[in-house]
Amino acid sequence: MTPVRKSDVNTCESRRMLAGMTRRLAEVAKRVGMSEATVSRVLNGRRGVSESTRNAVLTALDALGYERPTRLHRDRARLIGLVFPDLHNPIFPAFAEVVGGALAQQGFTSVLCTRTSGGLQEADYVDLMLAQHVSGVVFAGGAYADEDASHEHYGRILERRLPAVLVNASVGHLGFSQVSCDDVTAAEMAAGHLRALGHERVGMVLGPADHMPSRRKLETFAAYARVHGMDFGDHLVEHAMFSMEGGQAAAARLVRRGVTGLICGSDLLALGAVRAARREGLAVPRDVSVIGYDDSAMMNRTDPPLTTVRQPIEAMGRAAVDLLVAQIDAAALPGGELLFDPELVVRASTAPAAPRAIPA
């Protein structure tokens with residue numbers, strides 16, 4: 001048997017490494033539309049490369065899953081993480097589209113991270129993004145809005161001074177920049193609309209009890225009901241997960257208690273409420289009026305078309321990007337909440353109150 005010399009092993013290993021480097025150069029060059037020589041100059045830290053070219057190459061390197069050269073590890077990629085819940089609620093894909101488009105206009109690449117049952121969760125995505133040296137993160141519908149949830153992963157973001165923006169209300173102690181729809185105004189609009197239609201016994205179908213936007217809406221409506229003499233109390237409030245099924249179960253209990261109007265914390269909850277009323281032999285809006293929240297896609301085509309409180313997602317999404325980029329450029333410090341006014345969109349799911357007997 002011919003002995004294998006150590007020099008031959010080293011030569012084979014060197015050839016494999018060279019082939020891998022060549023393949024990496026070719027893939028990155030193709031992705032950014034530049035020559036392999038330009039990509040090589042960036043990866044070797046040589047002079048004579050513009051900052052925009054350098055950022056484009058490093059972003060492509062990150063997006064393709066290649067490790068940055070050691071000398072470049074401290075530099076953050078021009079990648080932005082978008083951490084959203086599952087995309088069953090159409091408001092979140094709409095937000096992602098607005099934010100992703102605004103980021104692209106400013107030279108950033110967005111990476112959408114969605115939580116799945118039994119899969120990666122928000123904390124897992126935070127760890128992955130920190131490892132990839134992303135430039136920043138936009139969160140929507142996350143654990144920051146739930147008082148009883150774990151918030152440890154947000155502490156890791158703060159420790160690393162990673163720019164981040166939260167969409168809609170969070171628990172009070174986190175200290176991130178926030179872009180929110182004004183829940184107080186939203187609840188007052190919904191309450192005022194139903195009161196103007198003669199509804200005096202109104203129920204609320206909201207998210208979980210520790211969900212901060214739901215709490216804001218509940219506190220506002222309770223105060224409104226007291227001032228205007230409307231029948232309201234804990235017996236007219238139900239909490240549910242943000243889904244049609246959750247909305248249906250919660251609304252069914254309220255309908256049996258004789259409400260003539262329902263204010264819901266999302267459009268999905270409202271669609272569940274419509275289904276619940278029908279299962280109880282009632283018509284919407286003849287017997288029960290229903291108001292949603294978000295004005296997500298297709299709500300003007302439901303049966304009946306849904307009256308809802310619209311979040312200004314275009315303005316909110318662009319503001320979130322502006323806040324994030326200001327932090328990245330060190331032009332602003334994190335903290336504070338920007339509030340955006342909602343809009344009441346009246347469609348066919350609300351009507352003047354019809355007399356209903358209140359169960360004993």
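A single hydrophobic cluster is seen to contain both Val274 and Val309, as judged by linkage of ILVMFWY side chains at heavy-atom distances under 4.5 Å, directly or through other members. Cluster membership for Phe340 and Ile91, using ILVMFWY side-chain heavy atoms within less than 4.5 angstrom, is shared. Under the 4.5 Å side-chain heavy-atom criterion for Ile, Leu, Val, Met, Phe, Trp and Tyr, Leu268 and Leu254 are members of the same hydrophobic cluster. Taking hydrophobic clusters as Ile, Leu, Val, Met, Phe, Trp and Tyr residues chained together by side-chain heavy-atom distances below 4.5 Å, Val138 shares a cluster with Ile328. Residue Val345 is not grouped with residue Leu306 when hydrophobic side chains (ILVMFWY) are merged at heavy-atom distances under 4.5 angstrom, including chains of intermediate members.
Residues Gln178 and Leu339 have side chains not in contact (no heavy-atom distance under 4.5 Å, counting atoms from C-beta outward). The shortest side-chain heavy-atom distance between Gln106 and Leu324 does not fall under the 4.5 Å cut-off. Side-chain contact check for Glu219 versus Asp183: every heavy-atom pair is 4.5 Å or farther apart. Contact check for Arg318 versus Val321: no side-chain heavy atoms found under the 4.5 Å cut-off. The closest side-chain heavy-atom distance from Leu103 to Leu82 is below 4.5 Å. For the pair Val111 and Val134, the minimum side-chain heavy-atom distance is 4.5 Å or more. Put simply, the side chain of Ser349 does not reach to within 4.5 Å of the side chain of Ile291, judged on heavy atoms. Side-chain atoms of Val325 and Phe108, non-hydrogen and from C-beta on, do get closer than 4.5 Å to each other.
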Evaluate the side-chain contact (heavy atoms from CB on, under 4.5 Å) criterion for residues His153 and Gln121: first the C-alpha distance (whole Å), next the side-chain angles of each, then the deciding distance (0.1 Å), finally the verdict. CA-CA 11 Å; His153 51 291; Gln121 298 302 301; over 6 Å; no
For Met316 and Cys181, run side-chain contact (heavy atoms from CB on, under 4.5 Å): C-alpha distance rounded to whole Å, both residues' side-chain angles, the deciding distance at 0.1 Å, then the answer. CA-CA 8 Å; Met316 290 172 62; Cys181 188; 4.0 Å; yes
The test is ring-ring contact (aromatic ring centres under 6.0 Å, His included); show your working for Phe95 and Phe84 and say whether it passes. CA-CA 9 Å; Phe95 262 119; Phe84 285 21; 7.0 Å; no
Could you walk me through whether Val57 and Val28 pass side-chain contact (heavy atoms from CB on, under 4.5 Å), step by step? CA-CA 7 Å; Val57 170; Val28 175; 4.0 Å; yes
Please test Phe176 against Phe139 for ring-ring contact (aromatic ring centres under 6.0 Å, His included), starting from the C-alpha separation and ending with a verdict. CA-CA 11 Å; Phe176 290 99; Phe139 291 93; 7.1 Å; no
Apply side-chain contact (heavy atoms from CB on, under 4.5 Å) to Leu262 and Val255, showing your working. CA-CA 9 Å; Leu262 288 169; Val255 167; 4.3 Å; yes
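With 3.5 Å as the limit, one finds a donor-acceptor pair spanning the side chains of Thr350 and His193.
For the residue pair Gly292 and Thr308, the shortest heavy atom distance occurs at C-OG1, 3.0 Å. Closest approach of Leu206 and Leu269 over heavy atoms only: C-CD1, 4.0 Å. Summarising the geometry of Tyr154 relative to Gly142, their closest heavy-atom pair is OH-C, 3.9 Å, with the distance given to 0.1 Å. Annotation for Leu112 and Ala96: closest pair CD1-CB, 4.3 Å, computed over non-hydrogen atoms. Smallest separation of non-hydrogen atoms from Ala277 and Val284: CB-CG2, 3.7 Å. Met129 and Cys113 make their closest contact through SD-SG, 4.5 Å (heavy atoms, listed as atom of the first residue, atom of the second, distance).
A donor-acceptor pair under 3.5 Å is absent between the side-chain atoms of Asp341 and the main chain of Asp182, judged by distance alone. In this structure, Arg78 contributes its side chain and Gly107 its backbone to a donor-acceptor pair below 3.5 Å. At distances below 3.5 Å, at least one donor-acceptor pair connects side-chain atoms of Arg160 with backbone N or O atoms of Leu130. A donor-acceptor contact shorter than 3.5 Å links the side chain of His239 to the backbone of Gly207. Checking side-chain atoms of Asp127 against main-chain N and O of Asp124 turns up no donor-acceptor pair under 3.5 Å. Between the Glu122 side chain and the Ala143 main chain, a donor and an acceptor come within less than 3.5 Å of each other. With hydrogens and angles disregarded, no donor-acceptor distance shorter than 3.5 Å links the side chain of Asn300 to the backbone of Pro305. With His133 contributing its side chain and Leu79 its backbone, the two residues share no donor-acceptor pair below 3.5 Å. Arg156 places no side-chain N or O within donor-acceptor distance of the main-chain N or O of Val126, the cut-off being under 3.5 Å. Checked by atom type and distance alone, the side chain of Tyr144 never pairs as donor or acceptor with a backbone atom of Leu174 at under 3.5 Å.
Here the CG-CG distance, from Leu166 to Leu323, works out to 10.5 Å after rounding to the nearest 0.5 Å. To the nearest 0.5 Å, atom CD1 of residue Ile263 and atom NZ of residue Lys217 are 11.0 Å apart. Taking OG from Ser135 and CD from Gln327, the interatomic distance works out to 12.0 Å, rounded to the nearest 0.5 Å. Atoms CZ and CD, from Arg278 and Gln248 in turn, are 11.5 Å apart once rounded to the nearest 0.5 Å. Here Leu194 contributes atom CG and Phe221 contributes atom CZ; the two are 7.0 Å apart, rounded to the nearest 0.5 Å. Separating the OG atom in Ser214 from the OH atom in Tyr293 is a distance of 9.5 Å, to the nearest 0.5 Å.
Ring geometry for Tyr224 against His228 counts as tilted: the plane angle lies between 30° and 60°, on a 0 to 90° scale.
Note on residues 196-205: pairs passing side-chain hydrogen bond (donor to acceptor under 3.5 Å, both in side chains), not counting sequence neighbours, are His199-Thr260, His199-Ser289, Arg201-Asp231.
The number of heavy atoms from other shown groups lying within 6.0 Å of CD (Glu280) is above 12. Annotation for Asp148: atom CG counts as buried by contact number, over 12 foreign heavy atoms lying within 6.0 Å.
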